[in-house]
2 protein chains.
Amino acid sequence: MELDERKITILKAIVANYLETGEPVGSRTISKYSDLNLSSATIRNEMADLEEMGYIVQPHTSAGRIPTDAGYRFYVDRLMEEKEEVEVTNGALLERVDRMEVLLKQVARVLASNTNYATMVTAPNYAKTVKFIQLSLVDSANLLAVIVVDGNIIKNQMIHLNVLLDNEDVLKFNILLNTFLQGASLEDINLEMIQEMKKQSGEYADILDHIFTGITDAIHEAQEVDIYTSGATNILKYPELGDIEKTTGLLEAFEDKEELSHMLEGTDDSENDSGIQIFIGEETPVQNMKDCSLVTATYQMPEGAKGKIGIIGPKRMDYKKVVSTLKNLTIELDDIFKKSREVTSDE
Amino acid sequence: MELDERKITILKAIVANYLETGEPVGSRTISKYSDLNLSSATIRNEMADLEEMGYIVQPHTSAGRIPTDAGYRFYVDRLMEEKEEVEVTNGALLERVDRMEVLLKQVARVLASNTNYATMVTAPNYAKTVKFIQLSLVDSANLLAVIVVDGNIIKNQMIHLNVLLDNEDVLKFNILLNTFLQGASLEDINLEMIQEMKKQSGEYADILDHIFTGITDAIHEAQEVDIYTSGATNILKYPELGDIEKTTGLLEAFEDKEELSHMLEGTDDSENDSGIQIFIGEETPVQNMKDCSLVTATYQMPEGAKGKIGIIGPKRMDYKKVVSTLKNLTIELDDIFKKSREVTSDE
DNA sequence: TATTAGCACTCAACTCTTTTGAGTGCTAAC
DNA sequence: GTTAGCACTCAAAAGAGTTGAGTGCTAATA
């Protein structure tokens with residue numbers, strides 16, 4: 001059987017209507033709604049064909065049709081023309097904020113309240129190299145290590161001492177650490193390097209051990225992907241997601257930040273020029289989301305670092321709106337990062 | 001009417017039974033369950049009295065009784081004998097962790113999975129004074145401000161420069177800042193102080209402005225109470241919380257970290273020696289929780305700083321278990337802090 | 001040959017009624 | 001003061017009927 005022009009028109013009408021109403025779509029509705037001027041009987045015949053081809057199903061005999069995953073997929077890939085007008089919200093969407101963390105939290109929050117879906121945003125993942133490292137003596141027992149990695153991500157580590165150091169000692173350590181570590185990527189810092197540093201530090205080798213533990217801790221932490229979520233409760237607004245168990249599962253998945261960030265990082269955006277990916281139902285990378293759709297976008301910083309934005313909603317989410325919102329948002333983000341770079345001038 | 005011994009026994013039996021089953025308790029159940037050896041008719045008479053006194057109600061005629069808020073309150077205050085045996089989980093409950101943040105997250109998580117309620121933990125709130133402040137030149141355009149406040153809470157702020165500074169300038173600033181700010185409580189830092197510093201800084205007054213904005217930002221942030229939550233989805237396990245709307249409201253309240261931490265900080269623990277407080281139904285400080293109970297505990301650090309732990313569950317939560325778990329937990333926390341203090345020696 | 005009108009059929013959802021059973025309050029007897 | 005007994009209540013479950021949107025099929029139509 002062939003998917004001719006008319007069948008496509010009908011499929012599109014069905015999906016569009018279902019996205020709007022959430023109710024199974026009947027033949028008579030299409031007969032009136034579309035400008036095909038066909039009787040409901042003809043539509044019925046076509047619908048039977050579309051069902052056979054796997055694009056739509058009936059929830060039960062004598063009900064209208066709803067799209068299958070394949071139906072949504074076809075709609076998203078081929079039928080959905082995006083809203084081309086730029087959103088009015090643009091510009092006012094985000095206040096300018098300096099701290100990355102605050103900015104991303106806000107992105108998640110604004111996006112959730114704009115779309116009424118659950119949202120998540122990961123911090124950009126750099127190929128992290130150490131840019132600056134400094135130890136300071138806070139008091140006689142505590143040494144503070146501050147590590148700045150590429151992209152101005154700052155990590156602190158308080159190191160407890162059981163020997164007395166004076167400021168001169170600390171200065172020496174600082175020189176030693178910076179000589180070795182500045183510009184090193186986090187993977188470069190291995191046992192060998194540590195051994196070498198210990199050798200050069202002479203009498204302070206023991207303390208260095210202590211310090212190193214602190215620093216590697218901080219580095220590990222810097223490597224973890226931060227993720228911010230918002231709008232979890234929006235999930236409850238879509239009762240078609242079914243029973244409480246499913247909802248619970250979803251919310252649990254949404255609470256598990258680690259799994260979420262892995263999931264987002266795992267999405268591959270290489271082949272898609274806009275950086276936007278849509279996962280429908282079973283296509284989602286996490287079992288608990290198989291009754292939902294996931295839309296992800298990638299934003300990019302001037303340094304090349306990338307972060308992800310994700311939206312989880314029901315399969316009948318407003319894909320058009322979500323995609324266009326995400327596009328605008330990534331553009332705006334790119335803009336903010338570019339501007340903030342101009343202000344700070346070059347490195 | 002008087003609340004005699006027998007009425008108390010019956011009330012206790014009713015509450016205990018309802019906590020266990022979640023079903024309204026009938027007279028026949030009590031007649032068999034308790035060792036009073038009274039017929040159900042007698043129990044019925046007593047129950048009518050208890051209802052009149054406001055301790056129990058019938059959800060509808062011809063149903064058994066359930067406790068009112070007053071009934072729960074009486075049970076909690078007078079009838080509940082705590083489990084005195086120490087929990088087996090004690091000791092293994094928490095791995096030792098160095099970073100406060102990680103530790104508290106774990107507390108929330110462990111507590112949620114142990115109790116099956118929603119949990120939250122605030123970071124200890126210090127009377128914060130500046131302990132150490134340092135500016136460092138990360139590169140020509142970026143100045144990093146590191147501020148350590150009492151209790152070794154560290155805040156960073158990256159300050160973008162549009163003038164060139166050399167290391168000597170930075171050193172001057174550092175001396176200036178530390179002279180003025182070290183030991184100052186966060187409230188002390190006011191306009192007057194800033195004016196005075198500007199005067200002394202001479203030609204750099206403009207830059208200082210810039211720097212100050214950064215520092216006050218960081219200080220503000222340090223004053224915010226951090227809060228960690230876990231087990232939000234446990235709320236969905238108790239359908240007696242009623243319709244989806246209530247549940248949504250609850251979950252939303254639970255997502256709003258700011259409101260939550262205000263709420264917890266607002267609970268007054270002065271008159272209770274164990275530091276544990278129980279809020280039942282309407283007693284809870286937040287409207288959305290009026291169908292739940294909230295149990296809070298206070299833990300204490302050797303420096304005197306206090307933090308709160310909160311548990312939200314249905315009114316028919318297992319108060320005994322929750323209270324004893326919280327007691328053990330705060331003891332264990334106190335222990336961890338004491339130990340970590342011993343190791344780091346004194347300040 | 002494609003389209004359509006017409007009709008019998010299906011089935012979830014709704015309403016209305018009946019049944020069930022746990023639980024009560026009251027009264028009279030112990 | 002306690003209890004047996006009984007009539008009464010009412011939510012919840014089960015059943016019966018009604019409705020209406022929607023279908024598939026067939027025969028007539030363009």
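Just so it is clear: chains get the letters A, B, ... in the order the sequence lines come, proteins before strands, and each one is counted from 1.
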Pairs under 3.5 Å (N/O, protein and nucleotides 12-19 of chain D):
none

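- Projected onto DNA chain D by closest heavy-atom contact, A:G64 and B:E46 fall at different nucleotides, the more 5' of which corresponds to B:E46.
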Using a cut-off of under 3.5 Å, enumerate the N/O to N/O pairs linking the protein to nucleotides 26-30 of chain D.
none

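- Checked against the 6.0 Å centroid criterion, the rings of A:Y238 and A:Y117 qualify as a close aromatic pair.
- For DNA chain C, no neighbouring residue in residues 14-22 of chain A is found when judged by any heavy atom under 4.0 Å.
- Residues B:T229 and B:K257 have side chains that bring a donor and an acceptor to within less than 3.5 angstrom of each other.
- Residue A:C292 holds its SG atom at 4.0 Å from CG of A:L250, rounded to the nearest 0.5 Å.
- Atom CZ of residue A:F74 and atom CG of residue A:D77 lie 8.5 Å apart, to the nearest 0.5 angstrom.
- Counting non-hydrogen atoms under 4.0 angstrom, B:T61 reaches the backbone sugars and phosphates but no base.
- Under 4.0 Å is where a charged nitrogen must lie from a carboxylate oxygen, and between B:E2 and B:K7 no such pair does.
- The stretch residues 23-31 of chain A touches DNA chain D through A:G26, A:S27, each having a heavy atom under 4.0 angstrom from the strand.
- Phosphate contact (OP1/OP2 of D:dT2, side-chain N/O of B:S39, threshold under 4.0 Å): absent.
- Ion pairing between B:E282 and B:K290 fails under the 4.0 Å rule for side-chain N and carboxylate O.
- Of all non-hydrogen atoms in B:R316 and B:G22, the two that sit nearest each other are NE-CA, 3.4 Å.
- B:M80 has its side chain out of reach of B:K12: every pair of non-hydrogen atoms, C-beta onward, lies at least 4.5 Å apart.
- With rounding to the nearest 0.5 angstrom, the CG atom of B:L11 is 12.5 Å from the CG atom of B:D49.
- Summarising the geometry of A:L260 relative to A:M289, their closest heavy-atom pair is CD2-CE, 3.9 Å, with the distance given to 0.1 Å.
- Once you apply a 4.0 Å limit to the heavy atoms of chain A, the touched nucleotides of DNA chain C run 5' to 3' over C:dT3 to C:dA12.
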List, one per line, each side-chain donor-acceptor pair under 3.5 Å for residues 26-33 of chain B, sequence neighbours excluded.
| unit_1 | atom_1 | unit_2 | atom_2 | d |
| --- | --- | --- | --- | --- |
| B:S27 | OG | B:R44 | NH1 | 3.3 |
| B:S31 | OG | B:L38 | O | 3.0 |

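- Looking at B:D291, B:D69, B:T284, B:T68 one by one, the single match for side-chain hydrogen bond (donor to acceptor under 3.5 Å, both in side chains) with B:K315 turns out to be B:D69.
- For the 3.5 Å distance criterion, the side chains of B:T119 and B:Y228 fail to qualify, holding no donor opposite an acceptor.
- For A:T115 and A:K321, the side-chain atoms include no donor-acceptor pair closer than 3.5 Å.
- At least one side-chain heavy atom of A:I14 sits under 4.5 Å from a side-chain heavy atom of A:M47.
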